[in-house]
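Residue numbers run from 1 in the order of the sequence given.
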Amino acid sequence: MRLSVGLSAGWVAVLAAGVPQARAQYVGQVSSIVMDARTGAVLSQSNPDLQRYPASLTKLMTLYLAFKGLRGGQISLDQSVPVSAHAASMEPSKLGLVPGSYLTVEQAVLGLVTKSANDAACALGELLGGGDEGRFADVMTRQARALGMTSTTFRNASGLPNGEQVTSARDLALLTRQIIAEFPEYYHYFAVPAFYFHGRQVPNHDPMLRFYPGADGLKTGYTADAGRNLVTSAIRENVRLIGVVLGARTNPQRSAMMASLLDDGFRQEGVADVPRTLVLARARSRHGRAAIMLAAAARSANAGPEQVAELPLAPRHHMPARHGHVPAHVRMVAAGHAVRHRHGHNHG
């Protein structure tokens, strides 16, 4: 497998020596930031530089580098991604990939933005890292430094727990702004409400897409040590904002804080409030049974909140499809109906 660029042992040693340490994680002490996507102006912030565990927000960098590979022609959307035993062994959330099988780059991208699939993230990282997720994580860190993400270090492609994998709210806002500005042709994937994979519908985990007017992605994240994390972008009247919330205690708290922060940001930009519809929230009672609660998402104006790195990529050829492992065709669900995509044949 040809590598476009190799990382020297010296660079890896320097990188390891300079790993920032998240000595404490403050679940419940939220770090947040709201940024104007066009100007980069910070409209609000709270502990924006506190080092936190990114959890699945890590996948934003995995996707950034995938988009970079697509833009540069090193990979293609319909290219086959091999699934190693290591990738298949990742903890949930996952697509349930089987060692020795394949999925396409596009399916991997969709698996990351909808289900936050750790097995798909690892497989994609291995492809981009020339077969080595660790090498890809080094490239992720180099790219972070190139983008000015000075508080960020990556150790894997998925965001599964690693004490050395850290970031900050400010760094994630910078990364998100770069994704939006640099890859408009791929940004639409973050708004996909669901896609079909091997005959089953995989829904998008992002609640903001369902209830916050103008929201069009990006990503949720959770581990016990990280708390509930969320990065959202929303656009109203040609004003696009980026919001980051890290360390919330619950998903409803995370969503409510994000909605409030974005509302306040739009007001600062002179954009009128937009009433939000009622949303259904699922919670568990103390007896462990699932309960459905109707929550009012609208609130009044005064109410409080309830590119330098190179990729060591594999050659851009399509791996031969094995019998029984022909990559499933991607069907994306949009506005309540399934839409056939342009690549391959339907397999689900």
Participant: Quick one: side chain to side chain donor-acceptor pair (under 3.5 Å) partners of R236, sequence neighbours excluded?
Facilitator: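 For R236 the side chain to side chain donor-acceptor pair (under 3.5 Å) partners, ignoring immediate neighbours, are Y212.
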
Participant: Check side-chain contact (heavy atoms from CB on, under 4.5 Å) between S31 and all other residues, then give those that pass, not counting sequence neighbours.
Facilitator: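 side-chain contact (heavy atoms from CB on, under 4.5 Å) list for S31, sorted by chain: N47, L50, R52, A169, L246.
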
Participant: For the residue pair V245 and L261, what are the closest heavy atoms and their distance?
Facilitator: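 Between these two residues, the closest heavy atoms are CG2-CD1, 3.8 Å.
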
Participant: Measure the shortest side-chain to side-chain distance between V139 and F154 over non-hydrogen atoms and say whether it is less than 4.5 angstrom.
Facilitator: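 Counting from C-beta outward, V139 and F154 never come under 4.5 Å.
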
Participant: Could you check whether D78 and S76, counting side-chain N and O atoms only, form a donor-acceptor pair closer than 3.5 Å?
Facilitator: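 Yes - a donor-acceptor pair under 3.5 Å links their side chains.
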
Participant: Under the 4.5 Å side-chain heavy-atom rule for ILVMFWY, direct or indirect, which residues accompany V274?
Facilitator: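 So far as hydrophobic clustering goes, V274 is joined with none.
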
Participant: Quick one: side chains of residues 110-124, donor-acceptor pairs under 3.5 Å with protein atoms, not counting sequence neighbours, listed by atom name and distance.
Facilitator:
from	atom 1	to	atom 2	distance (Å)
T114	OG1	L110	O	2.6
S116	OG	S56	OG	3.0
S116	OG	K59	NZ	3.2
S116	OG	K219	NZ	2.7
N118	OD1	K59	NZ	2.7
N118	ND2	E91	O	2.9
N118	ND2	P92	O	3.4
N118	ND2	S93	O	3.4
D119	OD1	L95	N	3.0
D119	OD2	L95	N	3.1
D119	OD2	G96	N	2.9
D119	OD2	L97	N	3.0

Participant: Under a plain distance cut-off of 3.5 Å, with no hydrogens placed, do T220 and D206 share a side-chain donor-acceptor pair?
Facilitator: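 Their side chains do not contain a donor-acceptor pair, so the 3.5 Å distance test is not met.
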
Participant: Residues in salt bridge (Lys or Arg N to Asp or Glu O under 4.0 Å) with R71, at least two apart?
Facilitator: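 Salt bridge (Lys or Arg N to Asp or Glu O under 4.0 Å) list for R71, sorted by chain: E185.
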
Participant: Under the side-chain contact (heavy atoms from CB on, under 4.5 Å) rule, collect the residues that match up with S89, sequence neighbours excluded.
Facilitator: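 H86.
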
Participant: Mind checking side-chain contact (heavy atoms from CB on, under 4.5 Å) for V42 and listing every partner two or more places apart, or none if nothing turns up?
Facilitator: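 side-chain contact (heavy atoms from CB on, under 4.5 Å) check on V42 returns I33, M35, Q45, R170.
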
Participant: How close do S233 and Y187 get, counting heavy atoms only, and between which atoms?
Facilitator: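 In terms of heavy atoms, the two residues are closest at CB-OH, 3.4 Å.
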
Participant: Would you mind listing the cluster partners of L160? Hydrophobic ones only (ILVMFWY), side-chain contacts under 4.5 Å, chaining allowed.
Facilitator: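 Under the 4.5 Å side-chain rule, L160 groups with M90.
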
Participant: So, using ring-ring contact (aromatic ring centres under 6.0 Å, His included) as the criterion, who are the partners of F67 when residues are at least two apart?
Facilitator: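 Testing F67 for ring-ring contact (aromatic ring centres under 6.0 Å, His included), a comparison that skips the adjacent residues, returns F183, Y186.
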
Participant: Mind checking side-chain contact (heavy atoms from CB on, under 4.5 Å) for T250 and listing every partner two or more places apart, or none if nothing turns up?
Facilitator: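 Counting only residues at least two positions away or on another chain, T250 forms a side-chain contact (heavy atoms from CB on, under 4.5 Å) with P252, Q253.
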
Participant: Assess the side chains of Q165 and T58: does a donor N or O sit below 3.5 Å from an acceptor N or O?
Facilitator: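 Note: Q165 and T58 side chains meet the donor-acceptor criterion.
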
Participant: Do Q79 and T104 meet the criterion of a side-chain donor-acceptor pair at a distance under 3.5 Å?
Facilitator: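 On atom types as modelled, these side chains do not qualify, holding no pair under 3.5 Å.
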
Participant: What residues, two or more places apart in sequence or in another chain, satisfy salt bridge (Lys or Arg N to Asp or Glu O under 4.0 Å) together with R240?
Facilitator: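 Applying salt bridge (Lys or Arg N to Asp or Glu O under 4.0 Å) to R240 gives D216.
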
Participant: Taking only residues two or more places apart in sequence, or in another chain, which ones meet D36 in a salt bridge (Lys or Arg N to Asp or Glu O under 4.0 Å)?
Facilitator: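 If we apply the salt bridge (Lys or Arg N to Asp or Glu O under 4.0 Å) test to D36, skipping adjacent residues, there are no hits.
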
Participant: Any side-chain donor-acceptor pair under 3.5 Å between K68 and Q143?
Facilitator: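 Yes, a side-chain donor-acceptor pair sits under 3.5 Å.
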
